[in-house]
Protein chains: 2
Amino acid sequence: MSNLLRLENQVCFPLYAFSREVTQLYKPLLDELGLTYPQYLVMLILWEEKEQTVNQIGEKLYLDSGTLTPLLKRMEQKGIINRKRSTADERVVVVSTTDLGAGMMDRATCIPDQLIAALGLSIEELTQLKTIINKALVR
Amino acid sequence: MSNLLRLENQVCFPLYAFSREVTQLYKPLLDELGLTYPQYLVMLILWEEKEQTVNQIGEKLYLDSGTLTPLLKRMEQKGIINRKRSTADERVVVVSTTDLGAGMMDRATCIPDQLIAALGLSIEELTQLKTIINKALVR
DNA sequence: CGCGATTATATTGTGCGCAATGTATATTTG
DNA sequence: CAAATATACATTGCGCACAATATAATCGCG
(Lines give C-alpha, C1' and ligand atoms only; values in the text may rest on other atoms or scores of the structure.)
Protein backbone atom coordinates (compact mmCIF):
# COMPACT_ATOMS: atom_id res chain seq x y z
CA MET A 1 0.00 0.00 0.00
CA SER A 2 0.98 3.61 -0.42
CA ASN A 3 3.49 4.62 2.24
CA LEU A 4 1.71 7.92 2.72
CA LEU A 5 -1.42 6.09 3.87
CA ARG A 6 0.36 4.36 6.74
CA LEU A 7 -0.94 5.58 10.10
CA GLU A 8 2.59 5.99 11.41
CA ASN A 9 3.42 8.32 8.54
CA GLN A 10 0.49 10.65 9.11
CA VAL A 11 1.26 14.17 10.30
CA CYS A 12 -2.28 15.02 11.25
CA PHE A 13 -3.06 11.98 13.33
CA PRO A 14 -0.53 12.90 16.06
CA LEU A 15 -2.01 16.36 16.03
CA TYR A 16 -5.52 15.01 16.48
CA ALA A 17 -4.41 12.61 19.21
CA PHE A 18 -2.29 15.21 20.98
CA SER A 19 -5.06 17.77 20.99
CA ARG A 20 -7.34 15.31 22.78
CA GLU A 21 -4.48 14.37 25.11
CA VAL A 22 -3.99 18.01 26.07
CA THR A 23 -7.68 18.37 26.86
CA GLN A 24 -7.27 15.39 29.17
CA LEU A 25 -4.30 17.04 30.85
CA TYR A 26 -6.44 20.11 31.52
CA LYS A 27 -9.28 18.03 32.92
CA PRO A 28 -8.10 17.49 36.52
CA LEU A 29 -7.13 21.16 36.76
CA LEU A 30 -10.40 22.43 35.31
CA ASP A 31 -12.51 19.98 37.31
CA GLU A 32 -11.61 22.02 40.39
CA LEU A 33 -13.22 25.03 38.73
CA GLY A 34 -16.12 23.01 37.34
CA LEU A 35 -15.18 24.00 33.79
CA THR A 36 -14.69 22.10 30.57
CA TYR A 37 -11.84 23.13 28.29
CA PRO A 38 -14.03 25.11 25.83
CA GLN A 39 -15.73 26.80 28.77
CA TYR A 40 -12.31 27.70 30.18
CA LEU A 41 -11.42 29.36 26.87
CA VAL A 42 -14.58 31.46 27.11
CA MET A 43 -13.61 32.48 30.64
CA LEU A 44 -10.13 33.50 29.44
CA ILE A 45 -11.79 35.89 27.00
CA LEU A 46 -14.19 37.29 29.59
CA TRP A 47 -11.46 37.72 32.19
CA GLU A 48 -9.64 39.89 29.65
CA GLU A 49 -12.62 41.89 28.46
CA LYS A 50 -15.63 41.89 30.71
CA GLU A 51 -18.25 42.21 27.97
CA GLN A 52 -18.16 40.26 24.74
CA THR A 53 -20.83 39.38 22.23
CA VAL A 54 -21.41 35.80 21.14
CA ASN A 55 -20.01 36.79 17.79
CA GLN A 56 -16.79 38.17 19.25
CA ILE A 57 -16.29 35.03 21.30
CA GLY A 58 -16.95 32.92 18.23
CA GLU A 59 -14.39 34.79 16.15
CA LYS A 60 -11.72 34.42 18.79
CA LEU A 61 -12.33 30.71 19.36
CA TYR A 62 -13.36 29.85 15.78
CA LEU A 63 -16.68 28.48 17.05
CA ASP A 64 -20.16 29.14 15.71
CA SER A 65 -23.47 29.73 17.46
CA GLY A 66 -24.40 26.08 17.13
CA THR A 67 -21.60 25.33 19.55
CA LEU A 68 -21.62 28.50 21.61
CA THR A 69 -25.31 28.98 22.33
CA PRO A 70 -25.76 25.75 24.31
CA LEU A 71 -22.26 26.05 25.83
CA LEU A 72 -22.98 29.57 27.09
CA LYS A 73 -26.37 28.49 28.40
CA ARG A 74 -24.67 25.80 30.47
CA MET A 75 -22.23 28.37 31.82
CA GLU A 76 -25.15 30.65 32.64
CA GLN A 77 -26.80 27.77 34.50
CA LYS A 78 -23.66 27.44 36.61
CA GLY A 79 -24.00 31.11 37.50
CA ILE A 80 -20.58 32.11 36.17
CA ILE A 81 -21.71 34.26 33.23
CA ASN A 82 -24.63 36.50 32.26
CA ARG A 83 -26.27 36.55 28.83
CA LYS A 84 -28.40 39.50 27.92
CA ARG A 85 -29.73 40.95 24.68
CA SER A 86 -28.23 44.27 23.74
CA THR A 87 -30.76 47.09 23.90
CA ALA A 88 -29.01 48.92 21.08
CA ASP A 89 -29.28 45.90 18.78
CA GLU A 90 -31.75 43.24 19.79
CA ARG A 91 -30.01 40.63 17.65
CA VAL A 92 -26.88 40.76 19.78
CA VAL A 93 -26.35 38.79 22.97
CA VAL A 94 -23.78 40.31 25.32
CA VAL A 95 -21.94 37.86 27.54
CA SER A 96 -20.23 38.94 30.76
CA THR A 97 -18.88 37.29 33.89
CA THR A 98 -20.90 37.24 37.09
CA ASP A 99 -19.06 38.03 40.34
CA LEU A 100 -18.74 34.29 40.82
CA GLY A 101 -17.19 33.91 37.39
CA ALA A 102 -14.85 36.86 37.85
CA GLY A 103 -13.75 35.46 41.20
CA MET A 104 -12.63 32.23 39.60
CA MET A 105 -9.72 33.95 37.91
CA ASP A 106 -7.49 33.78 40.97
CA ARG A 107 -7.89 30.04 41.18
CA ALA A 108 -7.03 29.76 37.49
CA THR A 109 -3.73 31.60 37.56
CA CYS A 110 -1.79 28.45 38.39
CA ILE A 111 -3.24 26.45 35.52
CA PRO A 112 -0.94 27.53 32.66
CA ASP A 113 2.24 26.64 34.56
CA GLN A 114 0.81 23.35 35.76
CA LEU A 115 -0.21 22.45 32.24
CA ILE A 116 3.13 23.33 30.71
CA ALA A 117 4.77 21.12 33.28
CA ALA A 118 2.38 18.29 32.47
CA LEU A 119 3.17 18.55 28.75
CA GLY A 120 6.81 17.71 29.38
CA LEU A 121 8.09 19.85 26.52
CA SER A 122 10.88 22.41 26.76
CA ILE A 123 10.16 26.11 26.36
CA GLU A 124 11.92 26.01 22.99
CA GLU A 125 9.74 23.16 21.82
CA LEU A 126 6.61 24.92 23.02
CA THR A 127 7.64 28.09 21.22
CA GLN A 128 8.38 26.18 18.02
CA LEU A 129 5.07 24.37 18.27
CA LYS A 130 3.18 27.60 18.72
CA THR A 131 5.05 29.32 15.90
CA ILE A 132 4.42 26.56 13.39
CA ILE A 133 0.77 26.14 14.31
CA ASN A 134 0.08 29.86 14.27
CA LYS A 135 1.62 30.11 10.84
CA ALA A 136 -0.79 27.48 9.55
CA LEU A 137 -3.75 28.97 11.44
CA VAL A 138 -3.32 32.51 10.16
CA ARG A 139 -3.60 31.59 6.49
CA MET B 1 -4.67 40.00 34.95
CA SER B 2 -2.00 37.34 34.76
CA ASN B 3 -0.23 37.39 31.43
CA LEU B 4 -0.29 33.62 31.27
CA LEU B 5 -4.09 33.68 31.23
CA ARG B 6 -4.28 35.79 28.07
CA LEU B 7 -5.76 33.84 25.20
CA GLU B 8 -3.03 35.02 22.86
CA ASN B 9 -0.39 33.60 25.18
CA GLN B 10 -1.90 30.15 25.33
CA VAL B 11 0.04 27.33 23.72
CA CYS B 12 -2.77 24.83 23.79
CA PHE B 13 -5.48 26.96 22.27
CA PRO B 14 -3.77 27.15 18.85
CA LEU B 15 -3.34 23.40 19.07
CA TYR B 16 -7.03 22.90 19.77
CA ALA B 17 -8.06 25.33 17.02
CA PHE B 18 -5.59 23.90 14.52
CA SER B 19 -6.66 20.34 15.15
CA ARG B 20 -10.24 21.29 14.29
CA GLU B 21 -9.03 23.29 11.32
CA VAL B 22 -7.18 20.27 9.96
CA THR B 23 -10.30 18.14 10.27
CA GLN B 24 -12.08 20.77 8.17
CA LEU B 25 -9.31 20.61 5.57
CA TYR B 26 -9.84 16.87 5.33
CA LYS B 27 -13.59 17.23 5.00
CA PRO B 28 -13.93 18.00 1.26
CA LEU B 29 -11.47 15.21 0.46
CA LEU B 30 -13.15 12.67 2.71
CA ASP B 31 -16.65 13.66 1.63
CA GLU B 32 -15.88 12.08 -1.72
CA LEU B 33 -15.31 8.80 0.09
CA GLY B 34 -18.24 9.29 2.44
CA LEU B 35 -15.93 9.13 5.45
CA THR B 36 -15.47 11.28 8.54
CA TYR B 37 -11.93 11.88 9.78
CA PRO B 38 -12.09 9.31 12.61
CA GLN B 39 -13.59 6.80 10.18
CA TYR B 40 -10.74 7.53 7.76
CA LEU B 41 -8.25 6.73 10.52
CA VAL B 42 -9.95 3.38 11.06
CA MET B 43 -9.72 2.69 7.34
CA LEU B 44 -5.98 3.52 7.37
CA ILE B 45 -5.53 0.80 9.98
CA LEU B 46 -7.62 -1.74 8.12
CA TRP B 47 -5.93 -1.03 4.80
CA GLU B 48 -2.64 -1.86 6.51
CA GLU B 49 -3.81 -4.95 8.34
CA LYS B 50 -6.99 -6.56 7.11
CA GLU B 51 -8.19 -7.85 10.47
CA GLN B 52 -8.07 -5.85 13.67
CA THR B 53 -9.96 -6.19 16.92
CA VAL B 54 -11.81 -3.25 18.41
CA ASN B 55 -9.18 -3.22 21.11
CA GLN B 56 -6.28 -3.00 18.66
CA ILE B 57 -7.95 -0.14 16.80
CA GLY B 58 -8.58 1.62 20.09
CA GLU B 59 -4.96 1.32 21.16
CA LYS B 60 -3.71 2.74 17.89
CA LEU B 61 -6.12 5.66 17.81
CA TYR B 62 -6.32 6.20 21.60
CA LEU B 63 -10.09 5.74 21.49
CA ASP B 64 -12.29 3.60 23.74
CA SER B 65 -15.26 1.38 23.02
CA GLY B 66 -17.66 4.18 23.89
CA THR B 67 -16.42 6.00 20.81
CA LEU B 68 -15.55 3.04 18.62
CA THR B 69 -18.60 0.82 18.97
CA PRO B 70 -21.07 3.31 17.47
CA LEU B 71 -18.50 4.60 14.98
CA LEU B 72 -17.80 1.07 13.71
CA LYS B 73 -21.52 0.33 13.53
CA ARG B 74 -21.99 3.33 11.29
CA MET B 75 -19.14 2.12 9.07
CA GLU B 76 -20.75 -1.32 8.97
CA GLN B 77 -24.03 0.30 7.90
CA LYS B 78 -22.21 1.92 5.01
CA GLY B 79 -21.01 -1.51 3.95
CA ILE B 80 -17.31 -0.71 4.15
CA ILE B 81 -16.37 -2.90 7.11
CA ASN B 82 -17.45 -6.17 8.72
CA ARG B 83 -17.76 -6.74 12.46
CA LYS B 84 -17.86 -10.29 13.74
CA ARG B 85 -17.34 -11.93 17.10
CA SER B 86 -14.25 -14.08 17.29
CA THR B 87 -15.08 -17.76 17.66
CA ALA B 88 -11.90 -18.32 19.64
CA ASP B 89 -12.85 -15.66 22.19
CA GLU B 90 -16.47 -14.57 22.20
CA ARG B 91 -15.60 -11.28 23.90
CA VAL B 92 -13.60 -10.07 20.94
CA VAL B 93 -15.05 -8.33 17.89
CA VAL B 94 -12.89 -8.60 14.78
CA VAL B 95 -13.17 -5.76 12.31
CA SER B 96 -12.20 -6.12 8.66
CA THR B 97 -12.79 -4.28 5.39
CA THR B 98 -15.44 -5.44 2.95
CA ASP B 99 -14.50 -5.50 -0.74
CA LEU B 100 -16.13 -2.10 -1.00
CA GLY B 101 -14.00 -0.76 1.86
CA ALA B 102 -10.81 -2.29 0.49
CA GLY B 103 -11.55 -0.79 -2.92
CA MET B 104 -11.67 2.70 -1.47
CA MET B 105 -7.93 2.67 -0.84
CA ASP B 106 -7.06 3.64 -4.41
CA ARG B 107 -9.22 6.72 -4.21
CA ALA B 108 -7.56 7.66 -0.91
CA THR B 109 -3.94 7.57 -2.08
CA CYS B 110 -4.05 11.18 -3.24
CA ILE B 111 -5.36 12.50 0.09
CA PRO B 112 -2.09 12.84 2.07
CA ASP B 113 -0.44 14.97 -0.61
CA GLN B 114 -3.53 17.12 -1.08
CA LEU B 115 -3.77 17.69 2.63
CA ILE B 116 -0.13 18.60 3.06
CA ALA B 117 -0.57 21.14 0.27
CA ALA B 118 -3.66 22.54 1.97
CA LEU B 119 -1.77 22.96 5.25
CA GLY B 120 0.66 25.36 3.66
CA LEU B 121 3.58 24.32 5.83
CA SER B 122 7.04 23.38 4.59
CA ILE B 123 8.30 19.83 4.90
CA GLU B 124 10.73 21.00 7.59
CA GLU B 125 7.90 22.55 9.58
CA LEU B 126 5.78 19.42 9.21
CA THR B 127 8.68 17.28 10.38
CA GLN B 128 9.34 19.56 13.35
CA LEU B 129 5.67 19.56 14.24
CA LYS B 130 5.50 15.78 14.12
CA THR B 131 8.70 15.38 16.10
CA ILE B 132 7.60 17.69 18.90
CA ILE B 133 4.11 16.25 19.13
CA ASN B 134 5.31 12.68 19.08
CA LYS B 135 7.72 13.46 21.88
CA ALA B 136 4.85 14.71 24.02
CA LEU B 137 2.55 11.86 23.00
CA VAL B 138 4.95 9.07 23.83
CA ARG B 139 5.35 10.06 27.45
C1' DC C 1 -40.42 55.13 3.62
C1' DG C 2 -40.57 50.22 2.12
C1' DC C 3 -38.48 46.06 0.90
C1' DG C 4 -34.84 42.94 -0.19
C1' DA C 5 -30.40 41.73 1.67
C1' DT C 6 -27.55 41.14 5.57
C1' DT C 7 -26.45 40.09 10.29
C1' DA C 8 -26.79 37.81 14.94
C1' DT C 9 -28.28 34.25 17.34
C1' DA C 10 -31.09 30.00 17.94
C1' DT C 11 -32.53 25.38 16.66
C1' DT C 12 -32.13 20.73 14.78
C1' DG C 13 -29.73 16.77 13.64
C1' DT C 14 -25.55 13.96 13.25
C1' DG C 15 -21.17 12.32 14.82
C1' DC C 16 -17.68 12.16 17.74
C1' DG C 17 -15.09 11.78 22.65
C1' DC C 18 -15.14 10.21 27.10
C1' DA C 19 -16.66 8.94 31.92
C1' DA C 20 -19.26 5.58 34.19
C1' DT C 21 -21.49 1.46 34.25
C1' DG C 22 -23.22 -3.03 32.53
C1' DT C 23 -22.70 -7.73 30.63
C1' DA C 24 -20.76 -11.68 28.95
C1' DT C 25 -16.72 -14.41 28.46
C1' DA C 26 -12.00 -15.85 29.85
C1' DT C 27 -8.50 -16.51 33.06
C1' DT C 28 -6.52 -17.08 37.43
C1' DT C 29 -6.36 -18.85 42.01
C1' DG C 30 -7.23 -21.25 46.01
C1' DC D 1 -13.30 -27.32 39.74
C1' DA D 2 -15.57 -23.19 41.75
C1' DA D 3 -15.16 -18.49 43.00
C1' DA D 4 -12.81 -14.26 42.30
C1' DT D 5 -10.72 -11.44 38.99
C1' DA D 6 -9.71 -9.64 34.61
C1' DT D 7 -10.81 -8.64 29.87
C1' DA D 8 -13.54 -7.06 25.75
C1' DC D 9 -17.08 -4.80 24.19
C1' DA D 10 -21.70 -2.43 24.70
C1' DT D 11 -24.65 1.07 26.69
C1' DT D 12 -25.94 5.49 28.70
C1' DG D 13 -25.47 10.17 29.37
C1' DC D 14 -23.35 14.53 28.65
C1' DG D 15 -20.80 18.06 26.19
C1' DC D 16 -18.84 19.59 22.38
C1' DA D 17 -18.32 20.62 16.89
C1' DC D 18 -20.47 21.71 12.86
C1' DA D 19 -23.74 21.71 8.81
C1' DA D 20 -28.11 23.28 7.65
C1' DT D 21 -31.91 25.83 8.51
C1' DA D 22 -34.91 29.12 11.03
C1' DT D 23 -36.08 33.53 13.07
C1' DA D 24 -35.84 38.03 14.23
C1' DA D 25 -33.69 42.47 13.90
C1' DT D 26 -31.14 45.80 11.27
C1' DC D 27 -29.27 47.91 7.18
C1' DG D 28 -29.04 49.65 2.58
C1' DC D 29 -30.94 51.17 -1.49
C1' DG D 30 -34.22 52.93 -4.65
Side-chain angles (χ1 to χ4, degrees), chain A residues 13 15-28 30-31 33-43 51-78 80-81 83-95, chain B residues 13 15-28 30-31 34-43 51-78 81 83-95:
Chain A
F13 167 63
L15 184 74
Y16 156 81
F18 186 46
S19 176
R20 289 187 290 125
E21 165 83 15
V22 167
T23 301
Q24 294 308 302
L25 292 177
Y26 270 107
K27 192 163 191 313
L30 295 179
D31 276 351
L33 299 176
L35 294 174
T36 64
Y37 182 62
Q39 290 171 10
Y40 169 69
L41 295 176
V42 170
M43 293 310 290
E51 300 217 322
Q52 290 282 283
T53 68
V54 173
N55 213 22
Q56 290 172 319
I57 295 173
E59 282 182 7
K60 287 174 181 167
L61 301 184
Y62 311 104
L63 292 171
D64 69 5
S65 69
T67 301
L68 287 175
T69 297
L71 185 151
L72 294 170
K73 282 182 177 173
R74 282 186 289 271
M75 294 176 75
E76 188 180 32
Q77 285 301 311
K78 294 182 195 177
I80 57 179
I81 66 167
R83 292 163 67 244
K84 63 164 188 284
R85 291 268 163 195
S86 161
T87 48
D89 185 340
E90 286 282 346
R91 294 171 304 180
V92 172
V93 170
V94 177
V95 182
Chain B
F13 167 64
L15 184 74
Y16 157 79
F18 186 47
S19 176
R20 288 164 33 224
E21 165 84 14
V22 168
T23 301
Q24 293 308 301
L25 292 178
Y26 269 106
K27 191 163 191 314
L30 294 179
D31 276 352
L35 294 174
T36 65
Y37 182 61
Q39 289 170 11
Y40 169 68
L41 294 176
V42 170
M43 291 310 290
E51 300 217 320
Q52 290 282 285
T53 69
V54 173
N55 212 24
Q56 289 172 317
I57 295 172
E59 283 184 5
K60 287 174 180 166
L61 301 184
Y62 310 104
L63 292 171
D64 70 4
S65 68
T67 300
L68 286 177
T69 296
L71 185 152
L72 294 171
K73 282 182 178 175
R74 283 186 289 271
M75 295 177 74
E76 188 180 31
Q77 285 301 310
K78 295 182 194 175
I81 65 167
R83 293 163 67 247
K84 63 166 190 284
R85 292 267 164 198
S86 160
T87 47
D89 184 340
E90 285 284 347
R91 294 170 303 180
V92 172
V93 169
V94 177
V95 181

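A quick note: this is a predicted structure, and the numbers were derived from the prediction, not measured. A, B, ... follow the sequence lines: proteins, then strands. Residue 1 opens every chain.
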(message) Between B/Arg83 and B/Val94 (side chain of the first, backbone of the second, donor and acceptor by atom type, cut-off under 3.5 Å), is there such a pair?
(response) no
Can you confirm whether [X] sits close enough to [Y] that some side-chain heavy atom of one is under 4.5 Å from a side-chain heavy atom of the other?
X: B/Glu21; Y: A/Tyr62; result: no
X: A/Leu15; Y: B/Leu15; result: yes
X: B/Val22; Y: A/Tyr16; result: no

Under 3.5 Å, side-chain donor or acceptor atoms of residues 35-43 of chain A against the rest of the protein: list the pairs with distances, not counting sequence neighbours.
| from | atom 1 | to | atom 2 | distance (Å) |
| --- | --- | --- | --- | --- |
| A/Thr36 | OG1 | A/Gln39 | N | 3.3 |
| A/Tyr37 | OH | B/Phe13 | N | 3.4 |
| A/Gln39 | OE1 | A/Thr36 | N | 3.3 |
| A/Gln39 | OE1 | A/Lys78 | NZ | 2.5 |

Atom pairs under 3.5 Å: protein N/O with N/O of nucleotides 15-17 of chain D:
| from | atom 1 | to | atom 2 | distance (Å) |
| --- | --- | --- | --- | --- |
| D/dC16 | OP1 | A/Thr36 | OG1 | 2.7 |
| D/dC16 | OP2 | A/Gln39 | NE2 | 2.7 |
| D/dC16 | OP2 | A/Arg74 | NE | 2.9 |
| D/dC16 | OP2 | A/Arg74 | NH2 | 3.2 |
| D/dC16 | O5' | A/Arg74 | NH2 | 2.7 |
| D/dA17 | OP2 | B/Tyr16 | OH | 2.4 |

(message) Within this structure, what is the CZ-OG1 distance for the pair A/Phe18 and A/Thr23, rounded to the nearest 0.5 Å?
(response) 10.0 Å
(message) Counting the atoms with a prime plus P, OP1 and OP2 as sugar-phosphate, which does A/Ala88 contact under 4.0 Å by heavy atoms, base, sugar-phosphate, or nothing?
(response) sugar-phosphate
(request) Could you run through nucleotides 3-9 of chain D and give me one letter per nucleotide, 5' to 3': B if any protein heavy atom sits under 4.0 Å from the base, S if only the sugar-phosphate is that close, - if neither? (result) ----BSS
(message) So which atom in A/Arg20 and which in B/Leu61 form the shortest heavy-atom distance, rounded to 0.1 Å?
(response) NH2-O, 2.8 Å
(request) Could you tell me which non-hydrogen atom of A/Lys84 sits nearest to which non-hydrogen atom of A/Glu51, and how far apart they are? (result) NZ-OE2, 3.9 Å
(request) Using chain B heavy atoms and a threshold of under 4.0 Å, write down where along DNA chain C the contacts begin and end, 5' to 3'. (result) C/dG15 to C/dA26
List, one per line, each side-chain donor-acceptor pair under 3.5 Å for residues 63-75 of chain B, sequence neighbours excluded.
| from | atom 1 | to | atom 2 | distance (Å) |
| --- | --- | --- | --- | --- |
| B/Asp64 | OD1 | B/Gly66 | N | 3.1 |
| B/Asp64 | OD1 | B/Thr67 | N | 3.1 |
| B/Thr69 | OG1 | B/Ser65 | O | 3.0 |

(request) Determine to 10° how strongly the helix from C/dC1-D/dG30 to C/dG30-D/dC1 is bent, judged from the axes of its five-pair ends. (result) 10°
